[in-house]
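The structure appears below as structure tokens.
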Amino acid sequence: MGNKKEQDFVKEITPMEEDFSQWYTDVILKTDMVDYAPVKGCMVIKPYGYGVWEGIQRVMDRRFKETGHKNAYFPLLIPESFLKKEADHFEGFAPEVLWVTHGGNEELAERLFIRPTSETMICTMYSKWVQSYRDLPVLINQWCNVIRWEKTTRPFLRTAEFLWQEGHTVHATEEEAQEETLKMLEVYRQVAEDELAMPVLLGQKSEKEKFAGANKTYTMEAMMHDGKALQAGTSHNLGQNFAKMFDIQYLDRDSVLKYGWSTSWGTSTRLIGGIIMTHGDNRGLMMPPRIAPTQVVILPIAFHKEGVLDKAFEIKSELAKTFRVELDDRDSYSAGWKFNHWEMKGVPLRLEIGPKDIENNQVTAVRRDTLEKFTIPMDGLTEKIAEILDDIHQTMFNMALKNREEKTYTTTDYEEIKRIMKETPGFVKTMWCGSRECEDKLKEETAATIRCLPFEQEHLGDTCPFCGKKAEHMIYIAKAY
RNA sequence: CGGGGCAUAGCGCAGUUUGGUAGCGUGCUUGGUUCGGGACCAAGAGGCCGCAGGUUCAAAUCCUGUUGCCCCGACCA
């Protein structure tokens, strides 16, 4: 990457080795994913970016339904008093809550806040809806927007308003709630790895990093091209904290009134940022085939010539039965320009139809992941393309995994950890005693945080590299977005 | 919230030091020739110089204030 020839092709994008932040900004703007909005901290998600979100929604929502969940919608505005019911939750979110104080010219009797997350509203409703053990479990998800008034923002990664899904469930037992929490984390893993081609590490958050109001928070962490970690989805076991504060009680089989056990889990448009920084390169985006807004782009070559355009349209309508296809028949751009344009937008497969192809009853194809150019016979085109898209998915996953492995270090030497975080950021696998003091020290001295206590624990040593006391857990640490 | 930068045509920038008719590249429009890795020629359209005050005969340019954005930290999905 980064050779002269390539740079000649991609004039608009700053190479990622030169300035990763600028690369990211260039890519999202130049590919028409987003635009900055005239509201502080907010972004406009343009059709191409929104198409990615629709793809994510499609593959994720299907899995929510398959695991028994239904969608619903709750209000955007929540009365102030709700927020104060759960103390940890209030403390966690109050600093970034946006308040609504007036209706027209009249001041509201009770201030409303715009949801930064909907536990308080949803639990309030659940307390009405749950009366009997027969009402359980409650398995509801909502797709919506939330607002967190952040100090600094970046498109997709952190914006004041963002789109997400939040699942909220109530169960009769602690075991069931725990099972649900892990089940949904697994759903997230499947979406990340099997749909977005983004390898993730699964594990539990430390006390410091867990969700405000949760007993346990589980996370999936992805590795970006610059060695920083991205929290790509979280699933919380809320215990009975919210059930008690919001009075979610049911009469059990044994005629005893009991509190429910609740969970919540969420992923957001941040995943789009993850896709960009996991797969993108100096030519621009690289879209995972299964959620790519356009999977195949067809470019007619020399299409003023007899039959070319007709053939291109014919192929398009055939492929459109199976794939998301676009035909670029704009005559105002040269073929070379279009090659670069669609590569920048990350369309997984490009098909060229020119006089030579028609003569040979074939199409010319170029893969975005390998840039490999080859021909495909017209017979069996659909089947072959399906095969290639699957292969592109697998290749992208493997490349991302390789990147993560190359940037994952194992050490129990604190000096080494400091050096790595300074010089070659990535994941560091190490041990930890479990104390908050060591966690704070790590953050302060290296700017890195404990990303998770992975499910797959290994014994790397007996002592905590930060304090020298007995090590209790294996952890992954990294600088994070 | 600290530190730094920027705001002039859709986008990227020059012009500001030393006040005096608003510039360049690209993109856009029209016509023509091109088309298998960012084509070419010709003719056009497009700007209260972020916003509000001030100084001046005269302000993109000087002074006050204000808003927004970007980058780096701290805080957070």
Side-chain angles (χ1 to χ4, degrees), chain A residues 5-12 14 19-22 24-26 29-30 32 35-43 91-97 116-117 146-166 188 205 208-212 217 219-222 229-236 264-274 283 299-305 308-309 328-344 350-359 363-366 371 373 375 443-444 447 449 479-481:
Chain A
K5 194 178 170 198
E6 184 175 88
Q7 284 315 302
D8 286 345
F9 288 141
V10 190
K11 291 164 186 154
E12 292 109 329
T14 305
D19 182 343
F20 193 77
S21 288
Q22 192 57 50
Y24 180 80
T25 306
D26 287 348
L29 292 177
K30 300 289 161 53
D32 261 339
D35 201 355
Y36 291 104
V39 183
K40 188 179 168 58
C42 295
M43 62 174 170
E91 272 181 44
F93 283 101
E96 55 193 41
V97 154
T117 179
V146 291
I147 290 186
R148 297 181 187 178
W149 209 245
E150 303 280 358
K151 307 245 162 68
T152 57
T153 58
R154 298 193 69 189
F156 294 125
L157 301 174
R158 172 164 295 106
T159 44
E161 178 184 10
F162 58 94
L163 305 182
W164 78 343
Q165 59 68 215
E166 46 178 329
Y188 288 159
K205 282 291 186 191
K208 176 185 161 89
E209 299 280 335
K210 81 178 184 190
F211 178 74
T217 289
T219 179
M220 63 173 180
E221 300 282 325
L230 185 77
Q231 179 173 308
T234 50
S235 185
H236 316 290
S264 69
W265 24 275
T267 56
S268 72
T269 37
R270 174 179 253 201
L271 279 172
I272 300 172
R283 285 174 188 249
L299 301 187
I301 303 293
F303 58 85
H304 56 289
K305 293 196 176 141
V308 172
L309 209 49
D328 187 350
D329 65 344
R330 292 176 291 179
D331 62 0
S332 48
Y333 297 103
S334 68
W337 189 93
K338 289 180 188 174
F339 295 165
N340 289 294
H341 174 75
W342 292 104
E343 275 168 14
M344 188 166 78
R350 174 174 90 233
L351 300 181
E352 301 170 21
I353 318 288
K356 269 185 255 171
D357 298 302
I358 294 173
E359 197 180 310
V363 298
T364 299
V366 178
L371 299 172
K373 192 168 191 167
T375 58
K443 179 75 190 279
E444 197 178 316
T449 51
K479 291 184 182 172
Y481 276 99

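Throughout, a chain's letter reflects where its sequence line sits, starting with A, and its residues are numbered from 1. What you see below is based on every heavy atom in this structure, not just the backbone, and it leaves out hydrogens, waters and symmetry mates. In this text, all values refer to a predicted model and were calculated from it rather than measured experimentally.
Residue contacts for A:Lys443: at a heavy-atom cut-off of 4.0 Å it reaches the sugar-phosphate backbone alone, with no base atom in range. Using a 4.0 Å heavy-atom cutoff across all strands shown, A:Thr267 reaches no nucleic acid atom at all. Using a 4.0 Å heavy-atom cutoff across all strands shown, A:Thr159 reaches at least one base atom of the nucleic acid. Here A:Asp357 lies in heavy-atom contact (under 4.0 Å) with a base. A:Thr234 comes within 4.0 angstrom of nothing in the nucleic acid, heavy atoms only. Looking at heavy-atom distances under 4.0 Å, A:Phe162 makes contact with a base. Contacts of A:Leu157 with the nucleic acid, taken as non-hydrogen atoms under 4.0 Å apart, include base atoms. Counting non-hydrogen atoms under 4.0 angstrom, A:Gln231 reaches the backbone sugars and phosphates but no base.
Using the Watson-Crick or G-U wobble rule with both distances under 3.5 Å, B:rC40 pairs with B:rG32. Searching all strands for a Watson-Crick or G-U wobble partner of B:rG2 with both distances below 3.5 Å returns B:rC72. In this structure, B:rU21 makes no Watson-Crick or G-U wobble pair, since no nucleotide meets both defining distances under 3.5 angstrom. B:rC49 makes up no base pair with any nucleotide shown, lacking Watson-Crick or G-U wobble contacts both under 3.5 Å. Across all strands shown, B:rA7 forms a Watson-Crick or G-U wobble pair, both distances under 3.5 Å, with B:rU67. Searching all strands for a Watson-Crick or G-U wobble partner of B:rG27 with both distances below 3.5 Å returns nothing.
The NZ atom of A:Lys479 sits 12 Å away from the P atom of B:rC72 (whole-angstrom rounding). Rounded to an integer number of Å, the gap from A:Phe339 CZ to B:rA39 P is 11 Å. Rounded to an integer number of Å, the gap from CD of A:Glu150 to P of B:rC75 is 13 Å. Rounded to a whole Å, the CZ atom of A:Arg350 is 10 Å from the C1' atom of B:rG36. Per the geometry, CD belonging to A:Glu96 stands 14 Å off C1' belonging to B:rC1, to the nearest Å. Per the geometry, CG belonging to A:Leu351 stands 16 Å off P belonging to B:rG37, to the nearest Å. Atom CD1 in A:Ile353 sits roughly 15 Å away from atom P in B:rG36 (whole-Å rounding). Atom CG in A:Asp32 sits roughly 13 Å away from atom C1' in B:rG27 (whole-Å rounding).
Judged as a salt bridge (Lys or Arg N to Asp or Glu O under 4.0 Å), and not counting sequence neighbours, A:Lys443 has no contacts. Among residues two or more places apart in sequence or in another chain, the salt bridge (Lys or Arg N to Asp or Glu O under 4.0 Å) test is passed with A:Lys208 by A:Asp440. With sequence neighbours excluded, the residues that form a side-chain contact (heavy atoms from CB on, under 4.5 Å) with A:Leu163 are A:Ile45, A:Tyr50, A:Trp53, A:Asn145, A:Thr269. Considering only residues two or more places apart in sequence or on other chains, A:Lys338 meets the salt bridge (Lys or Arg N to Asp or Glu O under 4.0 Å) condition with A:Asp328. In this view, A:Tyr333 and A:Trp337 satisfy the ring pair (Phe, Tyr, Trp, His ring centres under 6.0 Å) rule, not counting sequence neighbours. The ring pair (Phe, Tyr, Trp, His ring centres under 6.0 Å) search around A:Phe211 returns A:His89, A:Phe93, A:His236, not counting sequence neighbours. Qualifying salt bridge (Lys or Arg N to Asp or Glu O under 4.0 Å) partners for A:Asp32, counting only residues two or more places apart in sequence or in other chains: A:Lys46. Every residue two or more places apart in sequence or in another chain that forms a ring pair (Phe, Tyr, Trp, His ring centres under 6.0 Å) with A:Phe162 is listed here: A:Trp164. For A:Thr153, there are no side chain to side chain donor-acceptor pair (under 3.5 Å) partners at least two apart in sequence or on another chain.
When each of A:Ile358 and A:Ser268 is assigned the nucleotide of RNA chain B with its nearest heavy atom, A:Ile358 is the one assigned upstream, toward the 5' end. Residue A:Trp337 is the one, among A:Ala232 and A:Trp337, whose nearest nucleotide of RNA chain B lies closer to the 5' end (criterion: closest heavy atom).
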Expected rows: protein N/O vs nucleotides 67-70 of chain B N/O, under 3.5 Å:
unit_1: B:rC69; atom_1: OP1; unit_2: A:Lys40; atom_2: N; d: 3.4
unit_1: B:rC69; atom_1: OP1; unit_2: A:Gly41; atom_2: N; d: 3.0

Check the interface with nucleotides 42-45 of chain B: list each N/O to N/O pair with the protein under 3.5 Å, or write none.
none

Atom pairs, N/O to N/O, protein against nucleotides 32-35 of chain B, distance under 3.5 Å?
unit_1: B:rC35; atom_1: O2'; unit_2: A:Ala302; atom_2: N; d: 3.0
unit_1: B:rC35; atom_1: N4; unit_2: A:His304; atom_2: ND1; d: 3.1

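OP1 and OP2 of B:rC1 both lie 4.0 Å or more from every side-chain N or O belonging to A:Thr152.
With hydrogens and angles left out, the side chain of A:Arg148 and the base of B:rC76 share no donor-acceptor pair within 3.5 Å.
With values rounded to the nearest 0.5 angstrom, A:Glu352 atom CD is found 5.5 Å from A:Thr364 atom OG1. Taking CD1 from A:Ile353 and CD1 from A:Ile301, the interatomic distance works out to 9.0 Å, rounded to the nearest 0.5 Å. Taking CD of A:Gln231 as the start and OG1 of A:Thr449 as the end, the distance is 9.0 Å to the nearest 0.5 Å.
Closest heavy-atom contact between A:Lys479 and A:Ala447: CG-O, 3.9 Å. Here the closest non-hydrogen pair linking A:Thr234 and A:Tyr188 is O-CE1, 3.5 Å.
Comparing B:rC72, B:rC1, B:rG36 by their nearest atom to the side chain of A:Ser21 picks out B:rC72. Comparing B:rG37, B:rC75, B:rG36 by their closest approach to the side chain of A:Glu352 singles out B:rG36.
A glycosidic torsion no more than 90° from 0 defines the syn conformation, and B:rC48 adopts it.
Between B:rU26 and B:rU21, the distance separating the two P atoms is 26 Å to the nearest Å. Going from the P atom of B:rA74 to that of B:rC28 covers 43 Å, rounded to whole Å.
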